[in-house]
Amino acid sequence: MELVKQLLPLAIKRVHPTVLGTKPLSCKGHSAVLCENRILVVKKGSKSDDQIWFLEVDTEYVRQQRKKLGTEVVAWSKGVIGNAEKPIVISGPSGVGKGTLISMLMKEFPSMFGFSVSHTTRAPRNMEKDGVHYHFTDKSVMEKEIKNGKFLEFASVHGNLYGTSVEAVEVVADAGKRCILDIDVQGAKSVRASSLEAIFIFVSPPSMEELEKRLRDRGTETEEQILKRLRNAKAEIEQGTSSNIFDFMLYNDKLEESYEKLKKLLGLDGFVAASPKSAPKEINLPVDHSVSKIDDKIIISSGLEKETKNLIMLDVSSLKGGAPGRTRGLDFQVIGASLDKLC
Ligand SMILES: Nc1ncnc2c1ncn2[C@@H]1O[C@H](COP(=O)(O)OP(=O)(O)OP(=O)(O)O)[C@@H](O)[C@H]1O
Ligand SMILES: Nc1nc2c(ncn2[C@@H]2O[C@H](COP(=O)(O)O)[C@@H](O)[C@H]2O)c(=O)[nH]1
């Protein structure tokens, strides 16, 4: 009822809110039901991985963005089946080995992790591919997109803009994978302050001398850029090790040992990468259906006569996450042909 009170004046005044998040593609119709601070939308005739969407109207993220953008805001978040775990934010000074550790993880567990491809205004390095390593972008374009609320976080790092778009995180969740973000300390601080639940790891070098050696040996930066990155590294290490942004510190001395420690803190030590993923329970919702809500349960019913009704239940209390990004943990239960059990 509170949400209706909030939405009604907007509808009467014909307020056009800023719409954040990727919008659902059009479909043959939809049903919708109010769930506290968001509207659950069931698309008709869509594929099983694109049936449930949430239009967030008064969630923490929406309130934050409303304040930040100074306009009315709503945000889309797609419901994804299964329970992919929280994203992982990996931070640390340039050259410490974040990218190397992430590549090792993605190589060993390709079906488990997906990389959040950031936007940047810096020029591509020799081997870097647009859309794979970064989305290489013009400064003016990126600044406009920042104003339009496209980014979960952004920062000016070593003289260039870098940012994580909401879409970059959503693409990974859609693939049913756990998202890894490689971002600087300012970015980690912004994500920590946002409503995206994540775990935060700070990678630190054995010494400044070793950090400098790694940066120089990598051979990707000019002398001027190396010196700038090393100057910034001191402040980043100070912030990373003294603030309460990070859940874990990872000391990257010997690479293989550090990788084993990383796997341990992610609960992956002894995990057999080839073990089959438990298949998520997919249900094709009927095209003709109605949706209702009983306490925390959403009931999707099809069939006209009471005796022939097919009932599918979704427990909204077990949902996790939401905008920015996907709403995880959709779990449908076929509960047969009677509502009596629930009432
Ligand atoms: N434990 C290690 N011991 C020695 N060399 C390492 C170690 N970890 C990474 N390196 C090397 O250090 C260099 C920098 O690593 P990497 O590119 O992964 O750093 P990064 O933290 O991702 O840097 P940036 O933030 O600039 O992207 C690479 O050449 C890599 O091979
Ligand atoms: N705040 C953000 N920082 C980012 C993002 N993507 C990368 N980075 C950080 O930038 C530096 C430099 O990266 P490089 O590729 O130029 O060497 C490094 O510390 C990255 O972690 C981002 O989206 N947001």
Side-chain angles (χ1 to χ4, degrees), residues 87-107 115-130 132-137 142 145-146 150-169 171-172 179-194 196 198 200-222 225-237 239-240 245-246 250-262 324:
I88 304 159
V89 172
I90 301 196
S91 210
S94 176
V96 73
K98 304 179 294 296
T100 307
L101 289 162
I102 292 170
S103 300
M104 291 166 85
L105 206 54
M106 306 248 308
K107 193 168 170 207
F115 186 61
S116 156
V117 180
S118 294
H119 282 62
T120 182
T121 60
R122 89 149 158 73
R125 293 175 188 144
N126 269 348
M127 302 299 288
E128 285 180 333
K129 288 201 183 88
D130 189 31
V132 177
H133 298 94
Y134 279 106
H135 298 288
F136 295 99
T137 314
M142 193 161 164
E145 289 176 339
I146 288 171
K150 177 172 172 153
F151 288 90
L152 169 63
E153 64 76 31
F154 62 91
S156 171
V157 191
H158 319 312
N160 285 297
L161 272 180
Y162 292 77
T164 309
S165 69
V166 173
E167 197 181 343
V169 178
V171 165
V172 178
C179 186
I180 306 181
L181 288 79
D182 173 348
I183 59 178
D184 86 317
V185 177
Q186 307 167 73
K189 203 172 168 184
S190 303
V191 177
R192 182 57 111 183
S194 81
L196 185 83
F200 294 77
I201 301 171
F202 185 81
V203 187
S204 67
S207 66
M208 286 306 285
E209 291 70 32
E210 173 64 15
L211 185 69
E212 178 166 355
K213 184 176 180 305
R214 287 181 195 174
L215 260 181
R216 288 190 184 284
D217 290 353
R218 189 170 71 180
T220 49
E221 267 70 38
T222 62
Q225 285 162 352
I226 289 174
L227 295 177
K228 188 184 251 180
R229 284 174 183 240
L230 287 172
R231 274 197 304 276
N232 293 340
K234 288 200 177 120
E236 287 184 274
I237 294 168
Q239 263 198 299
I245 305 170
F246 295 95
L250 183 64
Y251 176 70
N252 184 18
D253 187 358
K254 302 228 168 357
L255 185 59
E256 282 307 325
E257 284 175 20
S258 310
Y259 180 57
E260 287 308 313
K261 278 190 265 172
L262 176 62

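Indexing begins at 1, ligand by ligand and atom by atom, following the structure's order.
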Check: Hey, are the side chains of R214 and T100 touching, using non-hydrogen atoms and a 4.5 Å cut-off?
Finding: no
Check: At under 4.0 Å between heavy atoms, which part of R125 makes contact with ligand 2: side chain, backbone, both or neither?
Finding: side chain
Next item on the list: Between P93 and ligand 1, find which residue part has any heavy-atom pair under 4.0 Å and reply side chain, backbone, both or neither.
Entry: backbone
Note to self: When you compare ligand 1 with R125, is there at least one nitrogen or oxygen pair between them that comes in under 3.5 angstrom?
What the structure shows: no
Notebook entry, point to check: Is any N or O atom of R229, backbone or side chain, closer than 3.5 Å to an N or O atom of ligand 2?
Noted result: yes
Notebook entry, point to check: For R122, is at least one N or O under 3.5 Å away from an N or O on ligand 2?
Noted result: yes
Next item on the list: Could you say whether the N/O atoms of K254 and ligand 1 ever approach to under 3.5 Å?
Entry: no
Notebook entry, point to check: Does Q186 have a heavy atom less than 4.0 Å from any atom of ligand 2?
Noted result: no
Check: Does an N or O from D182, backbone or side chain, lie closer than 3.5 Å to an N or O of ligand 2?
Finding: yes
Notebook entry, point to check: Can you find a pair of side-chain heavy atoms, one from R122 and one from Y162, that are under 4.5 Å apart?
Noted result: yes
Next item on the list: With heavy atoms of R229 as the reference, note each atom of ligand 1 found under 4.0 Å away.
Entry: 26 (O)
Checklist line | pair R231-K228: side-chain heavy atoms closer than 4.5 Å | finding: yes
Margin query: Please compare E256, E257, R214 and report which has the shortest non-hydrogen distance to atom 5 (N) of ligand 1.
Written below: R214
Notebook entry, point to check: What is the closest protein heavy atom to atom 14 (C) of ligand 1, and at what distance does it sit?
Noted result: G95 O, 3.5 Å
Margin query: Within the structure provided, determine whether V132 and V117 are in side-chain contact (heavy-atom separation under 4.5 Å).
Written below: no
Check: What's the shortest distance from atom 23 (O) of ligand 2 to any protein heavy atom, and which residue and atom give it?
Finding: S118 OG, 2.6 Å
Notebook entry, point to check: Please state which protein non-hydrogen atom is closest to atom 25 (O) of ligand 1 and give its distance, to 0.1 Å?
Noted result: K98 NZ, 2.6 Å
Margin query: Can you tell me how the ring of H135 sits relative to the ring of H119, calling it parallel under 30°, perpendicular over 60° and tilted otherwise?
Written below: tilted
Next item on the list: Please identify which atoms of ligand 1 are closer than 4.0 Å to at least one heavy atom of G99.
Entry: 18 (O), 20 (P), 22 (O)
Check: Is there side-chain contact between E256 and M104, with at least one heavy-atom pair below 4.5 Å?
Finding: yes
Checklist line | Part of E153 with heavy atoms under 4.0 Å of ligand 2, whether side chain, backbone, both or neither | finding: side chain
Check: To which of L152, V157, V191 does the heavy atom nearest atom 11 (C) of ligand 2 belong?
Finding: V157
Check: Based purely on interatomic distance, does F154 place a nitrogen or oxygen under 3.5 Å from a nitrogen or oxygen of ligand 2?
Finding: no
Check: Which of the atoms of ligand 2 are close to A155, meaning less than 4.0 Å from one of its heavy atoms?
Finding: 1 (N)
Note to self: Tell me whether S91 contacts the main-chain N or O of D184 through its side chain, where contact means a donor paired with an acceptor under 3.5 Å.
What the structure shows: yes
Item checked: Whether N252 side chain and V203 backbone form a donor-acceptor pair below 3.5 Å -> no
Margin query: Which heavy atom of S258 sits nearest to which heavy atom of Y251, and what is that distance?
Written below: OG-O, 3.4 Å
Note to self: For R218 and T220, which I'm curious about, is there any donor-acceptor pair between the side chains at under 3.5 Å?
What the structure shows: yes
Next item on the list: Would you mind reporting whether M208 and I237 have side-chain heavy atoms less than 4.5 Å apart?
Entry: yes
Note to self: Please check this pair: side chain of K98 against backbone of P93, looking for a donor-acceptor N/O pair closer than 3.5 Å.
What the structure shows: yes
Margin query: Does ligand 2 come near enough to H119 that some N or O of the ligand is less than 3.5 Å from an N or O of the residue?
Written below: no
Notebook entry, point to check: Looking at ligand 2, does any of its N/O atoms fall within less than 3.5 Å of an N/O of D184?
Noted result: yes
Next item on the list: Run the numbers for me: atoms of ligand 2, each under 4.0 Å from some heavy atom of G187, listed by number.
Entry: 1 (N)
Note to self: Out of all atoms in ligand 1, which are within 4.0 Å of some heavy atom of L255? Include the element for each.
What the structure shows: 1 (N), 2 (C), 8 (N)
Margin query: One pair to check against salt bridge (charged side-chain N to carboxylate O under 4.0 Å, His left out): E221 and R125. What are the steps and the verdict?
Written below: CA-CA 9 Å; E221 267 70 38; R125 293 175 188 144; 2.7 Å; yes
Notebook entry, point to check: Is a donor on one side and an acceptor on the other found under 3.5 Å between the side chain of T164 and the backbone of L152?
Noted result: no
Note to self: Taking 4.0 angstrom as the limit and counting only heavy atoms of D253, give me the atoms of ligand 1 inside it, by number and element.
What the structure shows: 1 (N), 2 (C), 3 (N)
Next item on the list: Give yes if a backbone or side-chain nitrogen or oxygen of G92 is under 3.5 Å from a nitrogen or oxygen of ligand 1, and no if not.
Entry: no
Item checked: Heavy atom of the protein closest to atom 26 (O) of ligand 1 (residue, atom name, distance) -> S94 OG, 2.6 Å
Checklist line | Shortest protein contact, atom 15 (O) of ligand 2 (heavy atom only) | finding: Y134 OH, 2.6 Å
Notebook entry, point to check: Tell me: protein heavy atom nearest atom 19 (O) of ligand 2, and distance?
Noted result: K98 NZ, 3.6 Å
Notebook entry, point to check: Do any nitrogen or oxygen atoms of G97 lie less than 3.5 angstrom from nitrogen or oxygen atoms of ligand 1?
Noted result: yes
Notebook entry, point to check: So, does E153 use its side chain to make a donor-acceptor pair with the main chain of A188 at under 3.5 Å?
Noted result: no
Next item on the list: Considering only non-hydrogen protein atoms, determine which one is nearest to atom 24 (P) of ligand 1 and report residue, atom name and distance to 0.1 Å.
Entry: R218 NH1, 3.5 Å
Next item on the list: Check whether any N or O atom of D182, backbone or side chain, sits under 3.5 Å from an N or O atom of ligand 1, and answer yes or no.
Entry: no
Notebook entry, point to check: If you round to the nearest 0.5 Å, how far is CZ of F200 from CG of L181?
Noted result: 8.5 Å
Notebook entry, point to check: Roughly how far, to the nearest 0.5 Å, is the CD1 atom of I102 from the CG atom of D182?
Noted result: 4.0 Å
Next item on the list: Between K189 and ligand 2, find which residue part has any heavy-atom pair under 4.0 Å and reply side chain, backbone, both or neither.
Entry: neither
Item checked: Whether S258 lies under 4.0 Å from ligand 1, heavy atom -> no
Notebook entry, point to check: Counting heavy atoms only, which of T100, N252, V96 is nearest atom 16 (P) of ligand 1?
Noted result: T100
Next item on the list: Of all the heavy-atom pairs spanning I146 and F154, show the shortest one and how long it is.
Entry: CG2-CE2, 3.4 Å
Margin query: I'd like to know if the side chain of E210 reaches the main chain of S207, judged simply by a donor and an acceptor atom lying under 3.5 Å from each other, with no hydrogens or angles considered.
Written below: no
